[in-house]
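This report concerns only the one structure given below.
Residue numbers begin at 1 in each chain, while the letters A, B, ... track the order of the sequences. Keep in mind that the numbers below use all heavy atoms, side chains included, and drop hydrogens, waters and symmetry copies.
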2 protein chains.
Amino acid sequence: MENSDDLFHFLSNTNDSFFPEPASSIMQQSFSSSFSYYPLQPFNAPPHQDKALAALRNHKEAEKRRRERINAHLNKLRTLLPCNSKTDKASLLAKVVERLKELKQQMSEITQSETFPSENDEISVLSTGGDGSGGDGRLIFKASLCCEDRSDLIPDLVGILKSLHLTTLRAEIATLGGRTRNVLVVATDKDRSVESIHFLQNSLHTLLQHNGASKRRRVVGPNFIV
Amino acid sequence: MENSDDLFHFLSNTNDSFFPEPASSIMQQSFSSSFSYYPLQPFNAPPHQDKALAALRNHKEAEKRRRERINAHLNKLRTLLPCNSKTDKASLLAKVVERLKELKQQMSEITQSETFPSENDEISVLSTGGDGSGGDGRLIFKASLCCEDRSDLIPDLVGILKSLHLTTLRAEIATLGGRTRNVLVVATDKDRSVESIHFLQNSLHTLLQHNGASKRRRVVGPNFIV
DNA sequence: AGTCACACGTGACAC
DNA sequence: TGTGTCACGTGTGAC
């Protein structure tokens, strides 16, 4: 028992071993020396193995570089997450997965929700389904306009709505980086109905065409669902 | 040369080796059998090493589990990124770092830009530094109001601005989840100056107090920098 | 051929 | 103590 222990320590595989280390690939297996062609000759290794030894050394170093590359990236990840340098590789990766899913979800929520202006000009006029005002014949629908921002866009929009006798129930206006998106929930007058929607649609279209006279952009829509 | 090659293959370390595998830890080093206490006895291993053998087996299995855990997370990452299952571990991690930085940047841009309404009521009135209208004495500043949304908030705001003879140069309005944030860039009249800012500030404050009569919220600010 | 990347078993170290 | 993590050298298959 203590014998084997001593043996363990004496033979412990330090890097500065006095044995030429590339030889170990063969030596490792030489316990089956009953079959070995070179039993018990650790210091007189089989001749002409220089190539193999060199290859082995290259392999060893390449593997070390690979490990270093991976660990370097893992350390970068450590700095990008709320975790100290002593967190486990596995736990670190778990946190990374977690965080990535989280950010992905948030980003999709943000971009998919139409609060932000997109890069493309868009018009949509959508019926909200039923009318929300107790069956008195008023139509409620949502109009969305996304385009380059300009100072008198809102007044123009207000003018259009007024001329069509539409009342604005709700407005979401976002401008970002020179682009704007306006989402309006509007209601028709009691006596005027579906044609208002077409008028609004046309008006928005001309508004957008007027807007984008200088800079051409792809126009998505108009979209119309009743 | 060809001898050693044969030796390599014959002794190749397969899992189903007919040697009891835990013994290899000692056997690996036994090439220095000139020092070994048990030279050349691979089939009659030193007695009473059962504990050591069991420990070694446990160790081996634990290490395998650890590797599997890490690789499982790496595979999860592969599914979360635009990359197939044949991408390198290192490259995969590089992509992860890249993507994480990217998302982090985007999120900070979005959240730090005050386009989204926050959970807390806020008022801020900030001078933009110089005046942007050619030194004609008009002051330009940015007023921000974040509070619960209500239908006549904008009209109230417009009324305040009109009564203070402030003209709106730019407006960013965002509503989200029942909360709204309005950022207004306004300019004073030529003859009226700093006191307009205080009036606006007070007006916004009363507006917000009136707004939040039912639901109490923390009020951040008002903030005033000239 | 030779290079690359991966999984494995193992010694070392930590708590 | 054992239990877990890490780096290392190595075998091996893929291209």
Side-chain angles (χ1 to χ4, degrees), chain A residues 4-17 19-32 49-75 78 83-95, chain B residues 1 4-17 19-32 49-75 77-78 83-95:
Chain A
S4 69
D5 234 348
D6 289 342
L7 180 61
F8 268 84
H9 285 93
F10 180 76
L11 295 175
S12 77
N13 195 7
T14 58
N15 286 341
D16 45 36
S17 165
F19 300 118
E21 56 172 333
S24 64
S25 77
I26 304 159
M27 300 314 179
Q28 270 197 359
Q29 312 289 349
S30 69
F31 65 88
S32 60
Q49 293 215 341
D50 315 358
K51 304 296 181 296
L53 299 190
L56 211 52
R57 200 184 57 242
N58 286 341
H59 184 31
K60 189 190 347 183
E61 289 166 357
E63 180 63 13
K64 184 170 180 62
R65 279 195 298 273
R66 173 178 166 270
R67 277 194 304 264
E68 287 171 349
R69 216 161 52 232
I70 292 177
N71 286 333
H73 287 138
L74 286 176
N75 285 331
R78 270 180 241 271
C83 74
N84 49 44
S85 63
K86 272 316 284 175
T87 48
D88 217 336
K89 278 186 191 178
S91 321
L92 170 66
L93 288 176
K95 279 178 201 280
Chain B
M1 186 60 155
S4 69
D5 234 349
D6 289 342
L7 180 61
F8 267 83
H9 285 94
F10 180 76
L11 294 175
S12 78
N13 194 8
T14 58
N15 285 341
D16 43 36
S17 164
F19 300 117
E21 54 173 336
S24 62
S25 75
I26 304 160
M27 301 315 179
Q28 270 196 358
Q29 314 288 350
S30 68
F31 66 87
S32 59
Q49 292 215 342
D50 316 358
K51 305 297 181 297
L53 299 188
L56 211 51
R57 201 184 57 242
N58 286 340
H59 182 32
K60 192 193 338 185
E61 289 166 358
E63 181 64 13
K64 183 170 181 64
R65 280 195 300 273
R66 173 179 165 269
R67 277 195 302 263
E68 288 172 348
R69 214 163 49 236
I70 292 177
N71 286 333
H73 288 138
L74 287 176
N75 286 331
L77 285 178
R78 269 180 241 271
C83 73
N84 49 43
S85 63
K86 273 315 284 175
T87 49
D88 227 338
K89 276 187 192 179
S91 323
L92 169 67
L93 289 176
K95 280 178 201 277

### Query
Does any non-hydrogen side-chain atom of B:K64 lie less than 4.5 Å from one of B:E68?
yes
### Task
Rounded off to whole Å, could you give me the CD-to-C1' distance for the A:E68 and D:dC8 pair?
12 Å
### Task
For B:N75 and C:dA7, give me the distance from atom CG to atom C1', rounded to whole Å.
13 Å
### Query
Only one of A:D88, A:L93, A:L92, A:L74 forms a side-chain contact (heavy atoms from CB on, under 4.5 Å) with B:I70, so which one is it?
A:L93
### Task
Look at all strands and tell whether A:R65 reaches a base, only sugar-phosphate, or nothing, counting heavy atoms closer than 4.0 Å.
nothing
### Query
Mind checking whether A:R78 and A:K89 have side chains closer than 4.5 Å, heavy atoms only?
yes
### Query
Looking only at side-chain N and O atoms, does A:K89 come under 4.0 Å of OP1 or OP2 in D:dA7?
yes
#### Entry: Euclidean distance, atom CZ of residue A:R66 to atom C1' of D:dT12 [Å, nearest integer]
13 Å
### Task
Check every atom of D:dG11, D:dC6, C:dC6 against the side chain of A:D88 and return the nucleotide holding the closest atom.
D:dC6
### Message
Quick check for you: among D:dG9, C:dC8, D:dT5, whose closest atom lies nearest to any side-chain atom of B:R67?
### Response
C:dC8
### Message
Taking A:E63 first and then A:R66, would you say they form a salt bridge - that is, a charged N and a carboxylate O separated by under 4.0 Å?
### Response
yes
### Task
Write down the distance between CG (B:L74) and P (C:dC6), rounded to a whole number of angstrom.
9 Å
### Query
Whole-Å distance between D:dC6 P and A:E63 CD?
16 Å
### Query
Over how many whole Å does the gap from A:E61 atom CD to C:dT3 atom P extend?
12 Å
### Query
According to a strict under-4.0 Å criterion, is A:K64 in side-chain N/O contact with OP1 or OP2 of D:dC8?
yes
### Query
If you find the nucleotide of DNA chain D closest to A:K86 and the one closest to A:H59, which residue's nucleotide is nearer the 5' end?
A:K86
### Query
With a non-hydrogen cut-off below 4.0 angstrom, is A:N58 in contact with a base, only sugar-phosphate, or nothing?
nothing
### Heavy-atom closest contact (B:A90 atom, A:R69 atom, distance)
CB-NE, 3.8 Å
### Query
What is the distance from CG of B:L53 to C1' of C:dG9, rounded to the nearest Å?
14 Å
### Query
Does C:dG9 have OP1 or OP2 sitting under 4.0 Å from an N or O in the side chain of B:R57?
no
### Task
Would you please confirm or rule out a distance under 4.0 Å between OP1 or OP2 of C:dA7 and any side-chain N or O of B:N71?
yes
### Message
Taking pairing as Watson-Crick or G-U wobble with both contacts under 3.5 Å, can you name the mate of D:dC8, or confirm there isn't one?
### Response
C:dG9
